[in-house]
There are 2 protein chains.
Amino acid sequence: MTQIESKSHQALKNILLHSAISVVEKEGFAGLNVRKLASMAGCAIGMVYKIFENMDDLAIHVNAATLELIDSRMAQPMAATDPKEAIHELAERYIDFSRRNFHLWSMLFEHRMERDLPEWFHASIARNFRHVEQALAPWTHGDPQAAALHAKVVWAALHGICSLSISGKLDTVGAQSASILARHMLENYMAGLEANSEGGRSPGADGNSTLQKG
Amino acid sequence: MTQIESKSHQALKNILLHSAISVVEKEGFAGLNVRKLASMAGCAIGMVYKIFENMDDLAIHVNAATLELIDSRMAQPMAATDPKEAIHELAERYIDFSRRNFHLWSMLFEHRMERDLPEWFHASIARNFRHVEQALAPWTHGDPQAAALHAKVVWAALHGICSLSISGKLDTVGAQSASILARHMLENYMAGLEANSEGGRSPGADGNSTLQKG
DNA sequence: CTCCGTTGTGAACGTTGTTCATGAGCTATG
DNA sequence: CATAGCTCATGAACAACGTTCACAACGGAG
């Protein structure tokens with residue numbers, strides 16, 4: 001039951017993972033297969049299945065590595081000092097990543113998994129959201145629930161813009177269309193947040209009362 | 001070159017398409033294959049390739065049918081009279097569709113095509129956006145460019161919320177989480193639109209001046 | 001009936017993910 | 001050293017896939 005993970009086991013796991021990432025970067029997930037992977041890593045086909053449960057399991061690990069990559073980009077110190085510009089900067093980084101690492105990024109969302117994702121994967125997603133929550137802090141008045149909510153809304157919205165824009169399903173032409181759309185979205189969303197909090201009632205606190213049980 | 005499309009040809013095309021839709025509805029795109037399709041339609045494997053270029057071509061046609069389905073849902077007359085509530089209603093319909101027709105809907109976005117999509121497909125997408133533009137009309141002051149822009153922003157954002165929510169990548173639990181997030185997004189975005197237009201300067205008109213050539 | 005273009009067929013090919021009987025390598029023991 | 005026993009690695013083999021294409025069946029014209 002309890003497998004002894006030898007050093008060579010870990011080493012091969014790293015080689016396989018990095019080979020897989022390199023293939024996906026260049027050709028997308030469709031270009032990845034066991035035989036190519038095994039030959040790149042210099043091992044037999046069966047060995048891949050000793051280390052990863054199956055191709056889906058490998059895909060999850062590639063996706064996890066991509067999440068770490070995004071996290072490292074977002075964790076960099078901000079150039080902007082203005083809180084609003086900091087949000088835009090964060091969004092710009094995300095858009096930039098999705099363009100530079102198109103295949104890795106789209107694999108994160110397009111390749112639907114069979115079974116549900118493991119716990120550590122969700123934790124990695126949550127870690128990414130922390131940066132958004134922090135950048136939104138000036139608007140959430142220290143309310144962690146509001147921060148979590150707005151971070152989800154803003155980031156999901158940004159993701160949608162990225163996703164449709166990059167796959168050409170909004171017929172916006174021009175390289176920076178995603179940036180422009182994202183800027184509009186953020187600009188208006190934040191303005192809405194400010195307008196509502198000035199009125200004394202924040203939608204983050206009671207906005208869902210209108211659709212409770214609906 | 002110019003194929004004569006016999007009646008039986010069209011009839012079989014319909015049968016194949018509807019069989020494909022029925023399979024995708026139940027099992028998703030992964031459950032679809034030529035042999036199953038041919039046996040359902042009562043024809044030979046090769047016949048499928050006489051009618052559709054390949055599986056990708058068939059997928060595009062299934063996706064087009066899904067777009068028409070969404071369009072027909074959105075074209076229904078609104079129950080709400082208040083313009084803001086009408087937007088929420090439209091969003092609710094989209095979310096509802098994505099949940100009821102999960103496999104068809106996710107195939108629209110997750111199955112990336114090899115070559116770029118045909119013209120009539122983009123036209124079908126544009127037709128869907130018309131409803132959003134119309135619902136947004138009260139905020140765009142008759143400016144068609146602003147309407148197109150805001151429709152894209154709002155709908156892409158909504159789509160992102162739907163997409164991440166439905167695939168469990170936001171760890172929001174509860175059936176209506178997408179609804180709640182969408183409502184927050186729309187509420188704040190519209191509030192932002194109103195706040196900015198009251199100030200005399202609309203972000204739809206000059207908001208991108210800050211990132212031009214950025 | 002014969003001819004010939006059109007329409008329909010499914011065996012066959014190449015590639016895929018996955019498995020598992022087989023063998024190679026190592027350690028402990030007599 | 002020889003042998004047994006155990007772990008680890010191998011790649012041929014299998015099933016299922018998309019796709020092709022030589023061929024059969026049809027059906028109207030001569």
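Throughout, a chain's letter reflects where its sequence line sits, starting with A, and its residues are numbered from 1.
Among the nucleotides D:dG18, D:dT10, C:dT18, the one closest to the side chain of A:N54 is C:dT18. Of the candidate nucleotides C:dG17, C:dT9, D:dA9, C:dT9 has the atom lying nearest to any side-chain atom of B:M47.
Rounded to whole angstrom, the span from the OH atom of A:Y49 across to the P atom of C:dT19 amounts to 7 Å. Following rounding to the nearest Å, B:M55 (CE) and D:dT20 (C1') show an atom-to-atom distance of 14 Å. If you measure from atom CZ of A:F52 to atom C1' of C:dG17, you get 16 Å, rounded to the nearest angstrom. Regarding A:H9, its NE2 atom lies at a distance of 12 Å from the C1' atom of D:dC8, rounded to whole Å. Between B:E27 atom CD and D:dC17 atom P the separation is 11 Å, expressed in whole Å. Rounded to a whole Å, the CG atom of B:N33 is 4 Å from the P atom of D:dC17. Regarding B:I51, its CD1 atom lies at a distance of 17 Å from the C1' atom of D:dT20, rounded to whole Å. When the P atom of C:dT16 is taken as reference, atom CG of A:L32 falls 10 Å away, rounded to whole Å.
A residue-by-residue look at B:A44 and A:V34 shows that B:A44 has its nearest nucleotide of DNA chain C further toward the 5' end.
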Using the 3.5 Å cut-off, write out each protein N or O paired with an N or O of nucleotides 12-14 of chain D and the distance between them.
none

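Between A:E68 and A:R127 there is a salt bridge, with a side-chain nitrogen of the basic residue lying less than 4.0 Å from a carboxylate oxygen of the acidic one. Using a 4.0 Å cut-off between a side-chain N of Lys or Arg and a carboxylate O of Asp or Glu, B:K84 and B:E89 do not qualify as a salt bridge.
B:H159 and B:F109 have their aromatic ring centers within a separation under 6.0 angstrom.
Counting any heavy atom pair closer than 4.0 Å across all strands shown, A:L58 reaches no nucleic acid atom.
The structure places CG of A:D56 at 12.0 Å from NE2 of A:H61, a figure rounded to the nearest 0.5 Å. To the nearest 0.5 Å, atoms CG (B:L32) and CE (B:M107) are separated by 7.0 Å. Atom CG of B:L58 is separated from atom CG of B:N63 by 9.5 Å, given to the nearest 0.5 angstrom.
Annotation: ring-ring contact (aromatic ring centres under 6.0 Å, His included) contacts of A:H131 (sequence neighbours excluded): none.
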